[in-house]
Amino acid sequence: MSGKFDAIYRQSIEHPEVFWAHAASELHWFKTWDDVIDGSNPPAARWFSGAEFNTAFNCLDRHVAAGHGAQNAIIYDSPVTGTVRHISYSELLDEVARFAGGLAKRGVVKGDRVIIYMPMVPEALVAMLACARLGAIHSVVFGGFAAKELATRIDDCQPKLIVGASCGIEVNRVVAYKPMIDEAISLSKHKPAHCIILQRDRARAEMVPGRDLDWKDVIAAEPHDCVPVAATDPLYILYTSGTTGAPKGVVRDNGGHAVALNWSMRNIYNMERGEVFWAASDVGWVVGHSYIVYAPLLYGCTTVLFEGKPVGTPDAGAFWRVIEQHKVATLFTAPTAFRAIKRDDPDGKLIGNYDISSLRALFLAGERSDPATLEWAEEKLRVPVIDHWWQTETGWAIAANCLGIELLPIKHGSPTRAVPGWDVRVLGDDGHPAKPGEIGNIVCKLPLPPSAFPTLWNAPERYRKSYFDHFPGYYETSDAGFIDDDGYVYIMARTDDIINVAGHRLSTGGMEEVLASHPDVAECAVIGVFDEVKGQLPLGFLVLKSGITKPHEKVVAEAVKLVRDKIGPVAAFKTATVVNRLPKTRSGKILRGTMQKIADGEAYNMPATIDDPAILGEIEGALKEVGYAHK
Ligand code: COA
Ligand code: AMP
């Protein structure tokens, strides 16, 4: 049944050079490569070394030159502003070339970094592609992060410029972005030369004379040509949560990234050039980078840029309206979006109001797809619903049901099998290969396929230590799970401190760092607790310093505000509880895993090294008080 898939998969693992060289031949290279894989600098493989390439050229100029200039490149659908705008490939090329000209006029050259802090507007894509056109490295920061997080990224990647907008528009409020940019720059040591600001009518920004430039003035420049870069040069840096508070700057190269994404459009998503693809995510996340921007444009599709939410813009029928109106062939989103829709429209009644017959498949990723949500989507949409698993580090799916090759049987709870290029294994903590069905560390045998991150920005040692040292010869995904007898992969949990809130990856360690900075807090712990819509929510346990007489509710409210101010609303940190002490081992290590098990209502063995077993009852009580603990 899986003969075709098996043959392609085998070739990708046994002859990766042949496989990926063939995939690369679909793109335009200014100069072809010396080596398909250059393994001279392990653990990273450098793909297409010696080649010269430009990602923006392949996204835009190539299609216009082939006569597809009149086709829609972007459909911007923004229920929060009441706008629908179609942008053709020719128009997008013109805007990108002119904005690149404007950046070049302000001194941006190949290798410079540019931070982009914008909501879901076409200008965000224009800015990303203009950087790519110049060989500058963009770093998009999600709008739900607070000024301090932005400042950390400014200091790490030292951008020449920041491109921002005056505001973002959420369902319930307008978020002024510009004051956050100003505050971030006042906090950071590195000071970007300019901020280019898109003024939106809903909240106009105050400009700093000399430093701030209006988007309109910058884009009024002469168009700039594509600058060829090495295929191995960075295209972007995307910061993601790491195991400590400091975010990791995941670096993506140009050539390998484009080859893998272009390949994925046909083989995973079963798309044809010219069709409409919709990734309902945000450009601030990896899904947005790969499947709102780069993959659809590389492949010559039309991408839908949706500024709104699955519910509340105006109701839980927003997705069906967009599918009908723009004839979407494939929708990609996080399961949390479907849980939100299901909550508001449990019987899927609103679907009947729209003609969604253009839709051929729904892809879900970003967090575990719970079978109930998956079944609901299958029943209501009557198209294959495909869970697939990936990470910021990889930029595309590690495991998926490759619809464009052949549809393998769907097993609920599994993102199906390793995608061609990925040699996925499960190892025990001591490195022994796990048997089928045995839970262990999910790892990928080196070399990693194209698009996988070649390094962390400014942190090559952290790259090696975090991902490659524990299991030599393998990439450690930090996901735990198993592979069954049919080769299906199951992702069960993270092995680090990462939690997944509404498909957003967050570090509990990062939140603990913020909570610990509260003057009344002696120590703290944050765990992820079950939430019906967001999958997980962070919950804080606070131990107060002795002698604090302030009411607990006040400390909790301050702690919640602190996390919102320092990390941002995206952390969705709304609940904390004050406890007398935390469960610890005799050597003083906080037993977060055991606390987690109590919150999840799972059976747990009393840890042999626990300092005082009685504390677990107190934790259970505290969880019940704030409405958690299933036991
Ligand atoms: N700029 C500013 N604030 C933002 C923001 C942005 N770009 N994105 C989110 N926020 C804010 C939200 O307004 C919210 O603030 P609040 O606490 O004042 O309500 C907070 O950050 C948390 O956002 P979120 O977790 O998205 O919750 P939500 O209740 O607004 O929406 C869902 C929940 C499920 C509808 C929404 O998360 C969703 O559509 N998710 C699916 C798609 C997706 O984003 N996937 C990610 C990777 S594939
Ligand atoms: P991010 O880097 O933000 O894309 O988050 C990556 C993490 O999200 C992975 O390491 C997993 O823990 C989780 N994840 C992503 N997709 C899936 C999936 N399909 N099933 C289970 N977990 C997933």
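Positions are given from 1 along the sequence. Counting starts at 1 for both ligands and their atoms, in listed order.
- Nearest protein neighbour of atom 17 (O) of ligand 1, counting heavy atoms only, is Lys574 NZ, 2.8 Å.
- Under a 4.0 angstrom heavy-atom cut-off, Arg339 registers as lying outside contact with ligand 1.
- With hydrogens and angles disregarded, no donor-acceptor distance shorter than 3.5 Å links the side chain of Tyr299 to the backbone of Tyr294.
- Cation-pi check for Arg343 over Phe338 is not met; the charged atom does not lie both under 6.0 angstrom from the ring centroid and within 45 degrees of its normal.
- Salt bridge present: Glu367 and Arg339 bring a charged side-chain N and a carboxylate O closer than 4.0 Å.
- Taking a cut-off of under 4.0 Å to the non-hydrogen atoms of Ala502, the atoms of ligand 1 that pass are 25 (O), 37 (O).
- Tested against Lys411 for a salt bridge (Lys or Arg N to Asp or Glu O under 4.0 Å), the candidates Asp486, Asp387, Asp485 yield a single pass: Asp486.
- Taking every non-hydrogen atom of Val287 and a distance limit under 4.0 Å, the qualifying atoms of ligand 1 come out as 48 (S).
- Remark: Tyr490 engages Phe482 in a ring-ring contact (aromatic ring centres under 6.0 Å, His included) (not counting sequence neighbours).
- The aromatic rings of Phe468 and Tyr475 are tilted relative to each other, their planes meeting at an angle between 30° and 60°.
- Numbered from 1 in the order shown, with element, the atoms of ligand 1 that lie under 4.0 Å from a heavy atom of Val570 read 21 (O).
- Of all atoms in ligand 1, listed by their number and element, those nearer than 4.0 Å to a heavy atom of Thr336 are 34 (C), 40 (N), 41 (C).
- No hydrogens or angles considered: nothing links the side chains of Ser414 and Thr416 as a donor-acceptor pair under 3.5 Å.
- Taking Glu324 as the reference, nothing meets the salt bridge (Lys or Arg N to Asp or Glu O under 4.0 Å) condition, with sequence neighbours excluded.
- The main-chain N or O of Gly366 is found under 3.5 Å from a side-chain atom of Asn500 such that the two form a donor-acceptor pair.
- Residue contact check for ligand 1: Gly168 places no non-hydrogen atom closer than 4.0 Å to it.
- Proximity annotation for atom 27 (O) of ligand 1: of Arg343, Lys534, Arg564, Lys534 comes nearest, heavy atoms only.
- At the shortest separation from atom 45 (N) of ligand 1 among protein heavy atoms lies Ala334 CB, 3.7 Å.
- Salt-bridge annotation for Arg494 and Glu476: absent, with no side-chain N of the basic residue lying under 4.0 Å from a carboxylate O of the acidic one.
- One option in Glu307, Lys309, Met120 has a heavy atom closer to atom 31 (O) of ligand 1 than any other, and that option is Lys309.
- Regarding atom 20 (C) of ligand 1, its nearest protein heavy-atom neighbour is Pro569 O, 3.3 Å.
- Set against the non-hydrogen atoms of Gly503, the atoms of ligand 1 under 4.0 Å away are 46 (C), 47 (C).
- Protein heavy atom in closest approach to atom 8 (N) of ligand 1: Phe142 CZ, 3.2 Å.
- Counting the atoms of ligand 1 from 1 in the order shown, those under 4.0 Å from a heavy atom of Ala280 are 42 (C).
- Heavy-atom proximity to Pro310, at under 4.0 Å, picks out these atoms of ligand 1: 35 (C), 39 (O).
- Residue-ligand proximity: Phe332 is placed with every non-hydrogen atom at 4.0 Å or more from ligand 1.
- Nearest non-hydrogen protein atom to atom 13 (O) of ligand 1 is Glu170 OE1, 2.6 Å.
- Side-chain contact of His326 with Asp77: a donor-acceptor pair under 3.5 Å is present, judged by distance alone.
- Taking only nitrogen or oxygen atoms, main chain and side chain alike, Trp285 does not reach within less than 3.5 Å of ligand 1.
- Near Gly144, the atoms of ligand 1 lying under 4.0 angstrom from a non-hydrogen atom of the residue are 1 (N), 2 (C), 3 (N), 4 (C), 5 (C), 6 (C), 7 (N).
- Around ligand 2 you find Val286, Gly366, Glu367, Arg368, Asp387, His388, Trp389, Trp390, Gln391, Thr392, Asp479, Ile491, Arg494, Asn500, Arg505, each with a heavy-atom distance below 4.0 Å.
- Looking at atom 7 (N) of ligand 1, its nearest protein heavy atom turns out to be Tyr177 OH, 3.4 Å.
- Backbone and side-chain nitrogen or oxygen atoms of Ser281 are examined, and none is located within less than 3.5 angstrom of a nitrogen or oxygen of ligand 1.
- For the pair His289 (side chain) and Trp285 (backbone), a donor-acceptor distance under 3.5 Å is present.
- In the displayed structure, Lys566 atom NZ is contacted under 6.0 Å by at most 12 heavy atoms of other residues, nucleotides or ligands.
- At least one heavy atom of Ala337 sits less than 4.0 Å from an atom of ligand 1.
- For atom 14 (C) of ligand 1, the closest non-hydrogen atom of the protein is Arg173 NH2, 3.9 Å.
- Below 30°, between 30° and 60°, or above 60°: for His388 and Trp390 the angle between ring planes is between 30° and 60°, a tilted geometry.
- Taking the salt bridge (Lys or Arg N to Asp or Glu O under 4.0 Å) definition, one finds that Lys574 meets it with nothing, sequence neighbours left out.
- Atom CD of Glu206 has 12 or fewer neighbouring heavy atoms from other residues, nucleotides or ligands inside a 6.0 Å radius.
- In the model, Tyr628 has no side-chain atom that pairs as donor or acceptor with a side-chain atom of Thr575 under 3.5 Å.
- Remark: minimum distance from atom 44 (O) of ligand 1 to any protein heavy atom is reached at His504 NE2, 3.6 Å.
- Exactly one residue among Trp396, Trp278, Trp263, Tyr291 makes a ring pair (Phe, Tyr, Trp, His ring centres under 6.0 Å) with Tyr269. That residue is Tyr291.
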